[in-house]
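Just so you know, ligand 1 is whichever comes first in the structure, and atom 1 is the first atom listed for that ligand.
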Amino acid sequence: MKYMLLISLSGLLFMLSCHHPQAVQNQGVPISPVNDYLEPHRPQFHFSPDSMWMNDPNGMVYYAGEYHLFYQFYPDSTVWGPMHWGHAVSEDLVHWEHLPIALYPDSIGLIFSGSAVVDWDNTSGFQQGEDPPMVAIFTYHNMEGERTEQNDFQTQGIAYSNDKGRTWTKYEGNPVIPNPGIRDFRDPKVFWHGGIQRWVMIFASGDRVRLYHSPDLKAWEEVSEFGAMEGGHGGVWECPDLFPLYVNGDSARVKWVMLVSLGSGGPNEGSGTQYFVGDFDGINFKNDHPAEDVLWLDYGKDNYAGVTYSDIPKEDNRRIFIGWMSNWQYATLIPTYPWRSAMTVPRTLELKETSEGLRLFTRPVDELASLRGPAKEFAADEVTDRLDLTSQVGSPQTSELILTMEWEDGHEGKVGLTLANGLNEHLDIGYDIAKQQLFIDRVEAGKKDFSDQFAGVHVAPLALENELALRIFIDWSSVEVFAEEGKVVMTETVFPNENFSSIAVFSEGGILSGIKGHAYGLKRIWGGATMNEGGESE
Ligand code: FRU
């Protein structure tokens, strides 16, 4: 239903005309952006499409020195419509090169979310030259079926590439998993399981995930399901992922983590992503936590449908995550043009033992340090109200801050940072000591009238004594806040009418005994160097 409501008139016209299985294919030549990436609110160091609508990251796979990022893309409008897979590649997870659309809708359906793998042993038989093929596994969504209220309009299909992802051929036997009559049946994530020598597919299906096996990526059989009675169920389950992680980096202790995005019912309402920690024997996933526990990957309102990279080399062994920096509550309404929405910075996921049990910690990838200008140290003691730090930090408009704050015993108020511009718009990132909550307040932070579900004070539970450690990435239209080494994360978009140019520390209702840290201006990743070394506008 969500998609029916979103589909635009141009989308309907497109579908009526789209009955050819082979829509025009490109030759995989990189595309130069048409736009300069300096429009108001344009992310400077995050991935965003040159123009038009984007949602979920798809097909994230590393191959031959390139990180591929495909994404849900509608090339004809800035709102959701008939889905294609847009495509970009990066050699460093920081700078991205746009490539032509990889997958077009065809007579079976639109191309919804999914994953990609390198088929190292050519189990699929798709290999043509010396090198193993890449295989993309995605959901076909048949609009005609949805319109006529059939239940079987989502199926799984595959496509392969023998030229490093530049061109893709859809498998003639598609769909590889027909729909057994289940309405929500989408978003396959596939990985090779060495223990059982099978490909494993996990995909979302309403209030649960389903797991399938295959020897060759073509023939699939259902083996298990998980989740109908576990975790959060405030909305339909989407975009799952399942992967092993070492506990505290110890290779002798492996646990499996399942990510599940929830279309609504997130931690601060709207979309959100939960995770489960447990064991997986190749067939069944067993949750370690009580069924009613809900663990959130990110408490901010703008990190959705995120999944992790496939085929990261063993020597690297990181579990690298990218999410879509938006929320279905208002994604189609955000005030940006000629594109809509961006991805989070790439992040690594790690499992650590905490006093509350095993928790997923999130950290921006180290490669982002290549964008840093010179470090600027800052410090202040005894803040009782507000203290401007701009002369020490510089303009925060594209920056990274690493800091700690300490407060005195008996402080029952709020402490934090305020980013502001000359129009009295401000975004507060802080900690409510009495409530033991990290918060982002974007009530007066800029444009908000596009949706009554956008502005607000959004919170994350975080028990602390007298000190808070923060790492914050600030771009023209987002903040990503990693608290306590990434134990609690909040990702939020923001649309100030002028970029934030000042930064202050505040302490309400008590004495902040000290703040200290360092800041880096971050260079932009698009176009020529219009930023100086410190990453600030010239
Ligand atoms: C998640 C999602 C997926 C679906 C895609 C369609 O945001 O709803 O479940 O495959 O978007 O664009």
Side-chain angles (χ1 to χ4, degrees), residues 1-8 11 14-15 49 52-60 70-87 101-105 108-116 136-143 145-146 153-157 175 177 179 182-190 201-210 227 234-241 259-266 270-274 297-298 301-307 321-332 334 340-344 491:
M1 197 56 200
K2 179 171 90 187
Y3 308 114
M4 283 296 270
L5 293 174
L6 287 171
I7 200 120
S8 62
F14 172 92
M15 253 126 40
M52 301 302 163
W53 170 266
M54 175 179 82
N55 55 292
D56 317 354
N58 294 152
M60 287 152 57
F70 302 88
Y71 50 90
Q72 289 286 278
F73 185 48
Y74 182 34
D76 294 333
S77 170
T78 52
V79 293
W80 192 91
M83 283 289 115
H84 301 54
W85 274 25
H87 191 194
I101 290 171
L103 296 172
Y104 285 79
I108 306 178
L110 314 179
I111 314 296
F112 271 22
S113 287
S115 52
I137 308 97
F138 53 86
T139 295
Y140 269 122
H141 180 96
N142 189 290
M143 285 302 300
E146 182 178 13
F153 52 84
Q154 293 185 338
T155 56
Q156 320 312 331
I177 303 185
N179 188 306
I182 301 171
R183 225 188 131 70
D184 294 295
F185 198 73
R186 60 174 175 274
D187 308 338
K189 174 80 199 250
V190 170
M201 179 193 292
I202 180 170
F203 64 89
S205 181
D207 62 353
R208 67 198 68 188
V209 294
R210 294 177 191 275
V236 66
W237 283 23
E238 298 184 316
C239 300
D241 197 352
L259 305 182
V260 175
S261 281
L262 274 175
S264 53
S271 322
T273 301
Q274 62 178 328
L297 179 75
D298 192 315
K301 284 198 75 156
D302 299 298
N303 181 0
Y304 191 61
V307 288
F321 167 98
I322 295 178
W324 173 46
M325 209 152 44
S326 198
N327 189 311
W328 278 117
Q329 281 184 330
Y330 45 72
T332 58
I334 59 166
R340 263 216 181 86
S341 81
M343 298 301 179
T344 66
T491 302

Q: Examine W80 together with F112 and report whether their ring centres are nearer than 6.0 Å.
A: yes

Q | D56, any N or O under 3.5 Å of ligand 1 N or O | A | yes

Q.
If the cut-off is 4.0 Å to any non-hydrogen atom of M83, which atoms of ligand 1 fall inside it?
A. 12 (O)

Q. What atoms in ligand 1 come closer than 4.0 Å to a heavy atom of Q72?
A. 5 (C), 6 (C), 12 (O)

Q: Pull out every atom of ligand 1 sitting under 4.0 Å from any heavy atom of Y304, numbered as shown with elements.
A: 1 (C), 7 (O)

Q. Quick one: ring-ring contact (aromatic ring centres under 6.0 Å, His included) partners of F203, sequence neighbours excluded?
A. F185, Y212

(Q) Looking only at the side chains, is there a donor atom on one of N327 and S271 sitting less than 3.5 Å from an acceptor on the other? (A) yes

Q. Quick one: salt bridge (Lys or Arg N to Asp or Glu O under 4.0 Å) partners of R210, sequence neighbours excluded?
A. E222, E225

Q: Compute the centroid of each ring, for W85 and then for F70, and state whether the two points are separated by less than 6.0 Å.
A: yes

Q: Classify the side-chain pair N58/S113 by whether it contains a donor and acceptor separated by less than 3.5 Å.
A: yes

**Q.** Interfacing atoms of ligand 1 (cut-off 4.0 Å, heavy-atom, S113)
**A.** 5 (C), 10 (O)

Q: Show which atoms of ligand 1 fall inside a sub-4.0 Å distance from at least one heavy-atom site of E238.
A: 1 (C), 2 (C), 3 (C), 7 (O), 8 (O), 9 (O)

**Q.** ligand 1 contact on T139 by region, counting heavy-atom pairs under 4.0 Å
**A.** neither

Q.
Minimum distance, heavy atoms only, to atom 3 (C) of ligand 1: which one of D187, V236, N327, N55 is it?
A. D187

